[in-house]
Amino acid sequence: MGTFGKLKISILAATMTTLVGCTTVADVAGYNTAALNNSAAKNYNEVIGKAHSQGTVDRTSNTAIRVNRVFTRLKPYAQQANATGIPFDWQLTVIRSPELNAWAMPGGKMAVYTGIVETLKLTDAEIAAIIGHEMTHALEEHIKKDAGQKILTGLALQLGGAALQAKTGLSADSISLLSDLGIDKPFSRSQESEADAGGLRLMAQAGYDPAAAISVWKKMEAVQGRSNAVVTLMSTHPNSQQRINKIQELLPEVTPIYQAAAKAH
């Protein structure tokens, strides 16, 4: 079972418990950020524990040192940007793997695979673009919002638009719906734009040139389809020239932030 497959089970269990005890659909859709973050943290510990047992957690290579250095510079600005009302316990693990992948769970639990850094020969600024982008997915709670939308839509269809009645338990259809929240599905175009914009600001604040966000996405797009590399990130982060154009449009806004921050680093 993949990383997010396990996360889906944890979220399913937490959400089913919430659904039974709540009185309105709004309660379900709103979720509980703290509970969701705690579920993700438990799952993260399991995933990283398994990586430890397999000897794939990388703490000493030059790649791991660079990734953690970038993460450390970005983290204070991610903490400042957190508007969820719940502090995140940001953690990042570097995993030795040929996959071109990086991800963030709810609550700021992150992983970067060495393959994406080494295969694409990423600069520190390009690493910052990836980490900042993933941090923003967590800060914007995109996984939670996707799940909430699917629950609302699905329950509305099942119940013919009627209000969810309290203490009715979970039907088989509801369980099926919840188990198909699509945690590992691609993010929407608007969510990707939010993650790009937020990531640009975070990297600029940390003193990394935001223009590197363009080069890193171009590198990933170039390698996709012309090598045997497992570009997992591209399956959940679709790329396009339109996306790159939007990043270019944001550069005049964030470049002065970078220029000011670069002087301090």
Side-chain angles (χ1 to χ4, degrees), residues 3-49 67-68 70-94 102-112 128 130-153 155 164 178-179 181-185 187-188 190-206 236-237:
T3 298
F4 284 111
K6 293 181 180 179
L7 179 59
K8 285 168 68 176
I9 293 176
S10 298
I11 293 173
L12 170 61
T15 306
M16 287 193 295
T17 302
T18 302
L19 183 57
V20 172
C22 287
T23 57
T24 65
V25 173
D27 288 333
V28 179
Y31 287 90
N32 181 316
T33 294
L36 183 61
N37 292 357
N38 287 338
S39 294
K42 291 177 182 178
N43 181 260
Y44 183 77
N45 289 337
E46 292 178 6
V47 171
I48 301 308
V67 169
N68 279 292
V70 172
F71 172 70
T72 299
R73 274 177 58 171
L74 286 169
K75 187 166 66 171
Y77 303 101
Q79 290 172 331
Q80 292 173 14
N82 186 351
T84 68
I86 302 294
F88 285 9
D89 179 18
W90 290 97
Q91 296 178 32
L92 184 146
T93 302
V94 178
W103 45 260
M105 288 182 177
K109 301 299 187 285
M110 305 182 65
V112 173
I130 290 173
I131 293 177
H133 179 97
E134 296 301 327
M135 280 178 159
T136 305
H137 277 307
L139 289 167
E140 295 291 340
E141 298 191 285
H142 286 156
I143 286 177
K144 185 178 81 170
K145 291 173 182 176
D146 278 355
Q149 183 177 2
K150 287 180 173 63
I151 288 175
L152 278 175
T153 302
L155 288 176
L164 179 65
L178 290 168
S179 66
L181 293 179
I183 300 303
D184 55 352
K185 299 293 194 300
F187 289 111
S188 70
S190 64
Q191 288 172 335
E192 283 298 296
S193 293
E194 282 184 341
D196 286 338
L200 287 175
R201 179 167 291 273
L202 289 174
M203 65 187 295
Q205 289 174 320
T236 53
H237 295 71

Could you grab the distance from atom OG1 of T33 to atom CZ of F88, nearest 0.5 Å is fine?
-> 7.5 Å
Worked verdict on L74 versus W90 for side chain to side chain contact (heavy atoms under 4.5 Å, CB included) | CA-CA 11 Å; L74 286 169; W90 290 97; over 6 Å; no
If you look at every heavy atom in K109 and A41, which pair is closest and at what distance?
-> CE-CB, 4.0 Å
V47 side chain reached by T93 side chain, heavy atoms, under 4.5 Å = no
Might you point out which heavy atoms bring A40 and P106 nearest each other, and give the distance in Å?
-> CB-O, 3.4 Å
Measure from the side-chain N and O atoms of N38 to the backbone N and O of A34, and report whether any donor-acceptor pair falls under 3.5 Å.
-> yes
Measure across L202 and G132 and return the closest heavy-atom pair with its distance rounded to 0.1 Å.
-> CD1-O, 3.8 Å
Under the side-chain hydrogen bond (donor to acceptor under 3.5 Å, both in side chains) test, which residues partner D89, sequence neighbours left out?
-> Q91
How far apart are the closest heavy atoms of M135 and A78, and which atoms are they?
-> SD-CB, 3.8 Å
Hits for side-chain hydrogen bond (donor to acceptor under 3.5 Å, both in side chains) against D196, two or more places apart or cross-chain, chain-then-number order -> H133, R243
What is the minimum heavy-atom distance between A81 and L139, and which atoms define it?
-> CB-CD1, 4.0 Å
When rounded to the nearest 0.5 angstrom, what distance separates CD1 in I130 from CE in M110?
-> 10.0 Å
Using the test ring pair (Phe, Tyr, Trp, His ring centres under 6.0 Å), find all partners of F71 that sit at least two apart in sequence or belong to another chain.
-> none
Name all residues meeting the side-chain hydrogen bond (donor to acceptor under 3.5 Å, both in side chains) criterion together with N82; count only those two or more places apart in sequence or in a different chain, and write none if there are none.
-> T84
Side chain to side chain contact (heavy atoms under 4.5 Å, CB included), paired with H137, selected from E194, M105, E192 = E192
Could you give the distance from CZ (R201) to OG1 (T136), rounded to the nearest 0.5 Å?
-> 10.5 Å
For V67 against V94, the heavy-atom pair lying closest together = CG1-CG2, 3.7 Å
For N45, enumerate each residue passing the side-chain contact (heavy atoms from CB on, under 4.5 Å) test, keeping only those at least two apart in sequence or located in another chain.
-> none
